[in-house]
Amino acid sequence: MIRALYTAATGMQAQQLSIDVIANNLANVNTIGFKKSRADFQDLLYQTMKAPGAPSTTNTQSPTGIQVGLGSRPAAIQRVNTQGDYTQTGNELDVAVEGVGFFQVTLPDGSQAFTRAGAFKLDNQSRLVNSDGMPLEPSISIPDGAIDVSIGQDGVVSAILPGQGTGTQVGQLQTARFANPAGLRAVGKNLLQETDTSGPPQLGTPGQENRGTLLQGFLEGSNVSVVEELVGLITGQRAYEVTSKAIQTADEMLRASNAIVR
Amino acid sequence: MNRTVYTITSGALAALARLDAVAQNLANVATPGYKAERVLFRVRPLDEGTAAVAPSDVARTAAQVAQVATVRDFSQGPVRQSGNPLDVALTGPGFFVVSTPRGERYTRQGTFALDGEGFLVTQGGQRVQGDGGDVQLPDGVAAVGNDGTITVNGSQVGRIKVVDFGEKPALVAEGHALFAPAPGAVAVPLDATAVRLEPGAIEAANIDAVTGLVELIEVSRGFEAYMQAMTRLDQVAERSITDIGRVG
C-alpha cells in the first residue's frame, strides 16, 4: 500500500523537474545563444519478490519472477545543441557562429568560459568584450578611431584606419570545439565551462577542422521552440495529474481498509 | 474463523499488487524506452500443497488469488522527434547493448551522448556497444543511419549493435532503463537489414495514461468491495455469536 504512494510520488517529482526545465527554456526564449535543455528520466530500482528462474516446482522455473518497480528518477538534464535562428542586427560587432564552435572569454578570476552569444562590445581599452565586459581570448583590440571593422568568415578582424583606404588586420577570432559539447557546465550569463566529460577545448580558426564559420552583423537566437515547449508543458502537467491520481487511489484504499474496523 | 475471510484478503492483496504496478507505470510515463509492467495472478485452491489429502470440493470453492509473475509488455512505444542527432529510437524489434560492470545489459532508451573521450554512452554513462565493442567517435559531425550505421563527417566509423530476443524476451528490469538477461535468454544480433532505427527521435514509454486511470478506478472500487465484504462477513459472525448464542 505505502509502496504505491511513494512510487507515484517519484513520478510527480519527475514531472515537476520536467516543468522546471521547460520553464527555464521558455524564460530564455529571447536569450542570445541559449541552448534549450531536456530532462531525461529512467525507471528506479526494482524490488524482487521472486527471482526470475526461481524453481516453481522441482522441474519448472518461474520465467519472469515477481518484481515491483519503485518509480522513476531523473537521469540527466541534457542540453540540446542544435542551431538557433539567426537575426540580422546590422551591428558590426555582432557575430554568429554558423555550425560548431564557441567563443572563448576570460573570466575575472582568470579562468576560461565559452559562449555562443556573439554580441560583442568594446571596453575602455578598446578590447572586444562580451556583454558582461569579459574580454575575448585571444584578446583583440580595435585601434582608436577605426572607421570600419569587418570580421571575416574565418575570424580575421580588420579595421580601416583614418587616412587609409584599405583594411588592416588587427586580430584573429578563434572558436573552440569540444568532443562532447553537451557535457559543458552552464554557469549562467550565457557562459559554459569545460568539464571532464566535455573534453578539453580545441581552439582554432573558424571554418577549419569542422569549426563553423562566422557571420558578421548577425546574432544567434535561442533554439527554443515555443510550440514544442508548450506541448511539453501540457504533457508534463497531465502526467503529473495522472500520477497524483495513483496517490489518491492509494489513499482511498487505505481509507476503505480503515473502515472495516468499526 | 470462516475461511472466506482469507479469500477476501487474497483479493485485496492482489488489488494492492495491481496498484503498485499501475503506480510504477504512471510514474514512468515520461521515461523514454520504458516498457509497461503487469502482474499475473492465478487461482490457488485452499488445499494446495496438501497433496496427500484428496482435493475437497469445499476447498475448491473457497479458493484464493495468488500473484505468480510480473510480466512486461515489450510492445513498441510511440516515437517522437527530438532534433538531437544522438537520440536514436528503435522502431522495430530489438534492444541496444550497453556494457556495465555487471556484464552486458539491454535497453530501448536510445538517448545517447558522447563522453569526454568521444565514447558513445547512455545517460547513465554506460558505453553503448557497436559491432566491435565500445564505440569511440573521432572528432566531427556525427550522424546515425536507419540501420544503426554511425558516420562522422560522411565516413563510416561503426554500427550500433542491436540484439533481439524473439517474441517474448526473457529479460528482467533492473532499473535505470536497463534490462538484464533472465536465465535462458539468447541475444541474437540483428544485421543491418533487420534493424529499424529512427535517428533524432525518442521512443516514449508504451503507457496509455487513460488505460492506467481506468485500471486505477477498477482497482480502487474492487478493493472497496473486498472491504465491504469483509465488513458484512464480520456482521454475520457477530449475529451468529450474539443471536444464535442467546440463551432464553
Side-chain angles (χ1 to χ4, degrees), chain A residues 1 3-5 7-8 10-11 14-15 18 38 40-46 50 52-53 61-72 75-76 78 80 82 100 177 179-180 182-183 195-199 202 209-210 235-236 238-239 242-243 245-246 249-250 252-253 256-257 259-260 262, chain B residues 12 15-17 19-32 34 37 39 67-72 82-84 109 111 113-118 122-124 137 139-141 153 170 172-177 182-184 209 212-213 216-217 219-220 223-224 227-228 230-231 234:
Chain A
M1 168 55 66
R3 200 161 39 203
L5 282 173
T7 305
T10 64
Q15 293 312 323
S18 181
R38 184 183 84 200
D40 276 340
F41 300 103
Q42 291 182 341
D43 44 353
L44 251 179
L45 299 171
Y46 284 80
K50 187 160 99 187
Q61 292 177 331
S62 159
T64 48
I66 301 177
Q67 287 190 295
V68 188
L70 298 177
S72 68
Q78 200 186 2
V80 181
T82 53
V100 179
R177 304 177 48 227
N180 174 27
T195 65
D196 285 343
T197 56
S198 70
Q202 299 152 35
E209 295 161 328
N210 303 316
T235 52
R238 291 302 172 206
V242 86
T243 332
K245 290 284 180 204
T249 306
E252 275 172 26
M253 285 164 70
S257 49
I260 60 169
R262 286 165 297 156
Chain B
L16 288 184
L19 177 67
D20 282 343
V22 180
Q24 161 72 356
N25 289 342
L26 291 179
N28 283 290
V29 74
T31 303
Y34 177 79
E37 70 174 38
V39 280
Q67 190 181 353
V68 278
T70 309
V71 288
R72 212 153 282 281
S82 73
N84 214 3
Q109 187 171 78
T111 50
L114 294 178
D115 68 4
E117 295 162 74
T122 63
Q123 293 297 339
L137 302 187
D139 256 0
V141 183
N153 296 330
V172 186
E174 230 186 28
H176 312 296
L213 282 177
L216 275 184
I217 296 170
V219 165
S220 174
F223 189 84
E224 240 177 80
M227 294 301 126
Q228 283 283 338
M230 196 86 90
T231 313
D234 186 36

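Protein chains get the first letters and strands the later ones, always in sequence-line order, with residue 1 at the start of each.
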Is there side-chain contact between R38(A) and N84(B), with at least one heavy-atom pair below 4.5 Å?
yes
Do you know which of L70(A), T243(A), N180(A) has the most heavy-atom pairs under 4.5 Å to chain B?
N180(A)
Separation between CG (L5(A)) and CG (L19(B)), nearest 0.5 Å, reads 8.0 Å
Would you check if there is a donor-acceptor pair between the side chains of Q123(B) and Q42(A) at a distance under 3.5 Å?
no
Using heavy-atom distances under 4.5 Å, tell me whether A182(A) contacts chain B through its side chain, its backbone, both, or neither.
neither
Side chain from CB out, backbone as N, CA, C, O: work out which of these in E252(A) comes under 4.5 Å of a heavy atom of chain B, or both, or neither.
side chain
Between A21(B) and chain A, with a heavy-atom cut-off of 4.5 Å, which part of the residue counts as in contact: side chain, backbone, both or neither?
neither
Interface check, chain A: of V68(B), V71(B), T122(B), I217(B), most non-hydrogen pairs under 4.5 Å belong to V68(B)
D196(A) versus chain B, heavy atoms under 4.5 Å apart: side chain, backbone, both or neither?
backbone
Hey, could you give me the NZ/CD distance between K50(A) and Q67(B), rounded to the nearest 0.5 Å?
8.5 Å
Q228(B) side-chain N/O to A256(A) backbone N/O, donor-acceptor pair under 3.5 Å:
no
Between CG on residue L26(B) and NZ on residue K245(A), distance to nearest 0.5 Å
12.0 Å
Where does E209(A) contact chain B at under 4.5 Å (heavy atoms): side chain, backbone, both or neither?
neither
Least distance between heavy atoms, R72(B) atom then Y46(A) atom:
NH2-CE2, 3.4 Å
Examine whether an atom of R238(A) lies under 4.5 Å from a heavy atom of chain B, and if so say whether it belongs to the side chain, the backbone or both; otherwise answer neither.
neither
Roughly how far, to the nearest 0.5 Å, is OG1 of T10(A) from CD of Q24(B)?
7.5 Å
Per-residue contact mode, V22(B) against chain A (heavy atom under 4.5 angstrom)
neither
In Å and rounded to the nearest 0.5 Å, what is the CG to CG distance from N28(B) to L44(A)?
8.0 Å
L213(B) versus V242(A): any side-chain heavy-atom pair under 4.5 Å?
yes
Got a donor-acceptor contact below 3.5 angstrom from the S72(A) side chain to the A27(B) backbone?
yes
Checking D20(B) side chain against A4(A) main chain: does a donor-acceptor pair fall under 3.5 Å?
yes
Could you tell me which of A179(A), G183(A), G65(A) has the largest number of non-hydrogen atom pairs under 4.5 Å with chain B?
G65(A)
If we define contacts as heavy-atom pairs under 4.5 Å, which of L45(A), T197(A), V80(A) has the most with chain B?
T197(A)
Separation between OG of S198(A) and CG of D115(B), rounded to the nearest 0.5 Å
10.5 Å
Considering only heavy atoms and a distance below 4.5 Å, find which of E224(B), H176(B), M230(B) pairs most often with chain A.
H176(B)
Counting heavy-atom pairs under 4.5 Å with chain A, the top scorer among A209(B), G118(B), G116(B), G124(B) is G116(B)
Should V29(B) and Q15(A) count as side-chain neighbours, where that means a heavy-atom distance under 4.5 Å?
yes
Using heavy-atom distances under 4.5 Å, tell me whether A170(B) contacts chain A through its side chain, its backbone, both, or neither.
neither
Identify which part of P32(B) has an atom lying under 4.5 Å from any heavy atom of chain A, answering side chain, backbone, both or neither.
both
Greatest number of heavy atom pairs closer than 4.5 Å to chain B - which of G236(A), A8(A), G71(A), G199(A):
G71(A)
Against chain B, label N210(A) side chain, backbone, both or neither, depending on which of its atoms sit under 4.5 Å from a heavy atom there.
side chain
Highest number of heavy-atom pairs under 4.5 Å with chain A among T31(B), N25(B), V219(B), L137(B) belongs to T31(B)
